[in-house]
There are 2 protein chains.
Amino acid sequence: MERPELPLPQLHAFVVLAEELHFGRAAARLGIAQPPLSQQIRRLEDKVGHALFTREPGRVALTPVGHELLPVARRALSDLADGLAAARAVGSGRTGRLRIGFAASLALTVLPGLLRDFRQRFPEVRLEIREMTTAPQLTALRERTVDIGLLREPEEADRELDFRTVLTEPFVAVLSHGHPLAAGRTVRLADLAEAPFVLLPREAGPGLYDRILALCAGAGFVPDVVQDAVEWQTVCALVETGLGVSLAPASIRRIRLKGVAFRAIEPGAERTRVAVAWRKSDRNPLVAHLLATVSPQSQATR
Amino acid sequence: MERPELPLPQLHAFVVLAEELHFGRAAARLGIAQPPLSQQIRRLEDKVGHALFTREPGRVALTPVGHELLPVARRALSDLADGLAAARAVGSGRTGRLRIGFAASLALTVLPGLLRDFRQRFPEVRLEIREMTTAPQLTALRERTVDIGLLREPEEADRELDFRTVLTEPFVAVLSHGHPLAAGRTVRLADLAEAPFVLLPREAGPGLYDRILALCAGAGFVPDVVQDAVEWQTVCALVETGLGVSLAPASIRRIRLKGVAFRAIEPGAERTRVAVAWRKSDRNPLVAHLLATVSPQSQATR
DNA sequence: CGAGCCGATATCTCCGTGCGTATGGAGACA
DNA sequence: TGTCTCCATACGCACGGAGATATCGGCTCG
């Protein structure tokens with residue numbers, strides 16, 4: 001890439017003069033006096049090394065050289081103007097691209113509303129959403145391959161990342177329809193002590209996994225995890241077959257499966273948090289816009 | 001067209017920095033010290049209104065705004081560089097476009113050699129040739145719709161145009177094979193006094209027409225023009241049918257028609273001139289190149 | 001032949017920019 | 001904690017470019 005030789009203001013003057021073919025009018029359009037325009041053109045011609053206009057009395061016309069340069073100059077100027085406008089639009093957060101990682105369990109709850117609201121407010125922004133479990137989201141945020149994470153039970157303190165709770169929800173017991181505990185309206189945790197458990201693997205989201213184990217520990221038992229599955233959808237399907245029971249965030253009630261019953265936990269003080277995560281250092285206005293869209297509604301989902 | 005906001009040198013620095021992502025190395029590539037580079041970028045960011053790079057210790061990266069602006073800046077810079085090179089090529093006469101008007105009768109004689117020589121010396125020049133009679137050529141030259149004219153018997157003095165004789169050639173009598181005069185090797189003009197004539201219309205080329213009439217007047221008669229035709233080809237065809245005879249520049253011998261005979265004029269001192277014409281004020285180097293290509297060869301065509 | 005139009009030239013001012021050197025400050029690393 | 005790297009900041013200088021006004025010179029036209 002060479003050092004630029006032609007100043008843009010001179011090219012601008014050149015283009016205007018090529019349109020007017022009259023120094024006086026062109027100068028007026030440029031908002032300057034006529035002599036400076038003559039100078040501009042002269043300097044430009046010196047740099048190009050050839051005359052760009054023929055000046056015969058009463059007739060200003062492009063030379064072949066000028067004719068060659070004109071479309072180039074015109075295009076460069078308008079490209080730069082357009083590009084600048086586009087860049088500013090990105091800077092203002094009116095347009096651009098936002099990459100969002102999200103936990104699969106949120107695809108049925110917070111995510112649709114969030115996308116809808118955001119798209120409504122910023123229709124020109126391209127949203128790239130990719131399903132990932134919690135741990136990969138944190139990695140992706142640090143590696144800058146996503147800009148926003150939607151995840152459960154994040155570690156609180158982080159040097160690079162910030163979190164904000166989007167919602168908290170209680171846990172529910174997931175039971176097969178035929179299970180004896182499905183008869184009541186609620187379930188005490190201790191009642192699940194002897195039941196085999198189906199859970200998401202710890203690697204997928206250590207935070208949530210550890211929360212669930214802590215819950216059980218609080219009720220005096222260590223769950224017997226007989227199976228894991230990477231999707232809540234699959235967990236429910238396994239529960240339906242009678243393989244075991246599960247503990248899950250209440251929002252998975254949205255998964256409607258015939259043979260599966262969800263029962264609130266008694267007493268139910270424990271809640272799981274869904275958070276939005278982003279890089280503290282991120283100055284992308286779209287991140288701020290998205291954070292503004294997920295107003296910190298602590299409202300619970302029963 | 002708006003007044004340009006972004007100085008090219010800053011955009012250049014921006015592009016280089018975006019490639020290096022390192023102020024020190026980018027400055028070295030630009031051949032300047034590091035602080036000036038920081039300033040350039042800062043000023044550019046001020047004008048854009050948004051940061052173009054994130055500077056975290058040990059890591060320089062493009063912001064979304066910078067990412068948006070980069071391809072635009074790159075393209076504008078390279079377009080301008082290319083366009084400038086192209087314009088200079090045109091200015092040097094190495095490339096460009098040259099519009100040539102020519103009399104149809106020359107399509108068989110001087111034109112092919114001229115085009116061949118010129119194309120050989122300037123292969124990158126686009127030649128646009130258009131067949132026109134003499135008078136329209138002069139008009140087209142004045143209106144700048146052609147740059148070069150190839151014509152017969154131009155007026156000598158002209159305020160705007162210059163001429164140079166390319167070749168001179170004698171006149172020949174055009175006779176049908178069956179014509180009594182076709183029996184001899186030469187023809188005296190006076191022998192044609194009673195014959196009906198076929199000629200080009202005067203409007204097509206007054207110079208040549210008047211020359212022919214002057215020739216006849218010199219031989220003591222006024223030709224009886226019974227028919228005109230805008231192409232020599234057609235004139236020959238009409239002569240072949242026995243409609244009449246004609247007087248023409250010798251080069252139309254190239255038109256080989258079975259039933260047509262060409263006979264030299266006795267004594268044959270009178271010659272017709274073929275000239276190249278151009279605008280005196282034309283500074284297009286291609287015009288000079290073409291004039292140099294048609295070296296003033298006064299050699300006659302018999 | 002004088003008036004008017006149009007572009008070039010001369011001269012001056014001012015400001016932005018580009019570049020330098022010197023220095024500061026924040027992380028990273030040993 | 002000291003050092004090194006890397007970028008930002010401060011300050012100064014010089015140049016070019018953009019603008020203005022005044023004037024000149026050529027051409028056209030009434």
Side-chain angles (χ1 to χ4, degrees), chain A residues 1-48 51-63 66 73 77 142 159-160 279-281 283, chain B residues 1-48 51-63 66 73 77 159-160 280-281 283:
Chain A
M1 185 77 62
E2 292 308 314
R3 176 186 216 89
E5 298 185 58
L6 307 181
L8 284 186
Q10 291 173 15
L11 286 175
H12 183 214
F14 165 62
V15 169
V16 171
L17 179 56
E19 284 167 358
E20 297 291 340
L21 293 179
H22 186 288
F23 278 76
R25 282 197 300 274
R29 248 185 68 185
L30 290 165
I32 62 176
Q34 168 261 318
L37 175 60
S38 286
Q39 287 186 9
Q40 303 261 44
I41 299 301
R42 184 148 182 16
R43 271 196 288 267
L44 185 60
E45 286 175 329
D46 286 347
K47 283 179 182 154
V48 172
L52 298 172
F53 294 94
T54 60
R55 293 92 149 162
E56 301 164 20
R59 136 172 267 162
V60 174
L62 278 172
T63 64
L77 287 171
R142 277 186 253 273
R159 202 168 44 81
E160 294 185 56
R279 288 182 292 278
K280 284 175 178 160
S281 63
R283 293 286 161 266
Chain B
M1 186 78 62
E2 292 307 313
R3 175 189 217 91
E5 297 185 58
L6 308 182
L8 284 185
Q10 292 173 14
L11 285 175
H12 182 215
F14 165 63
V15 169
V16 171
L17 179 57
E19 284 167 359
E20 297 291 340
L21 293 179
H22 187 288
F23 278 76
R25 283 196 300 275
R29 247 185 68 185
L30 290 165
I32 62 175
Q34 169 262 317
L37 176 59
S38 287
Q39 287 187 10
Q40 303 261 43
I41 300 300
R42 182 144 179 26
R43 272 198 287 268
L44 184 60
E45 286 175 329
D46 286 347
K47 283 180 182 154
V48 172
L52 299 171
F53 295 94
T54 60
R55 292 92 148 163
E56 299 164 22
R59 136 173 267 162
V60 174
L62 279 173
T63 63
L77 286 171
R159 200 168 46 83
E160 294 182 58
K280 284 175 179 161
S281 64
R283 293 287 161 268

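Since we're looking at a predicted model, the values are computed, not measured. Each chain gets a letter, A, B and so on, in the order the sequences are listed, and its residues count up from 1.
- With a cutoff of under 4.0 Å to any heavy atom of chain B, the contacted region of DNA chain C is bounded 5' to 3' by dT17(C) to dG27(C).
- Across all their heavy atoms, Ile41(A) and Arg55(A) have their closest contact at CG2-NH2, 3.6 Å.
- Between atom CD of residue Gln39(A) and atom CD of residue Gln34(A) there is a gap of 10.0 Å, rounded to the nearest 0.5 Å.
- The outermost nucleotides of DNA chain D lying under 4.0 Å from heavy atoms of chain A, listed 5' to 3', are dG17(D) to dC27(D).
- Counting non-hydrogen atoms under 4.0 angstrom, Gln40(A) reaches the backbone sugars and phosphates but no base.
- Nucleic acid contact for Arg43(B): base, since at least one base atom lies under 4.0 Å from a heavy atom of the residue.
- Backbone-only contact: Pro9(A) has heavy atoms under 4.0 Å from sugar-phosphate atoms and none from a base.
- When the nearest nucleotides of DNA chain D are assigned to Pro36(B) and Arg25(B) by heavy-atom distance, the more 5′-ward of the two goes with Arg25(B).
- Applying the ring pair (Phe, Tyr, Trp, His ring centres under 6.0 Å) criterion to Phe23(A), with sequence neighbours excluded, gives no partner residue.
- For Arg42(B), the CZ atom sits in a loose shell: 12 or fewer heavy atoms of surrounding residues, nucleotides or ligands are nearer than 6.0 Å.
- Counting heavy atoms from C-beta outward, His12(B) and Leu8(B) have side chains that stay 4.5 Å or more apart.
- Base contact: Gln34(A) has a heavy atom under 4.0 Å from a base atom.
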Checklist entry - side-chain contact (heavy atoms from CB on, under 4.5 Å) between Thr63(B) and Phe53(B): does it pass, once the steps are laid out? => result CA-CA 5 Å; Thr63(B) 63; Phe53(B) 295 94; 5.5 Å; no
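- The shortest distance between side-chain heavy atoms of Glu5(B) and Lys47(B) does not fall below 4.5 Å.
- Side-chain contact check for Gln40(A) versus Val16(A): every heavy-atom pair is 4.5 Å or farther apart.
- Comparing Arg59(A) and Gln39(A) by the nucleotide of DNA chain C whose heavy atom lies nearest to each, the residue mapping closer to the 5' end is Arg59(A).
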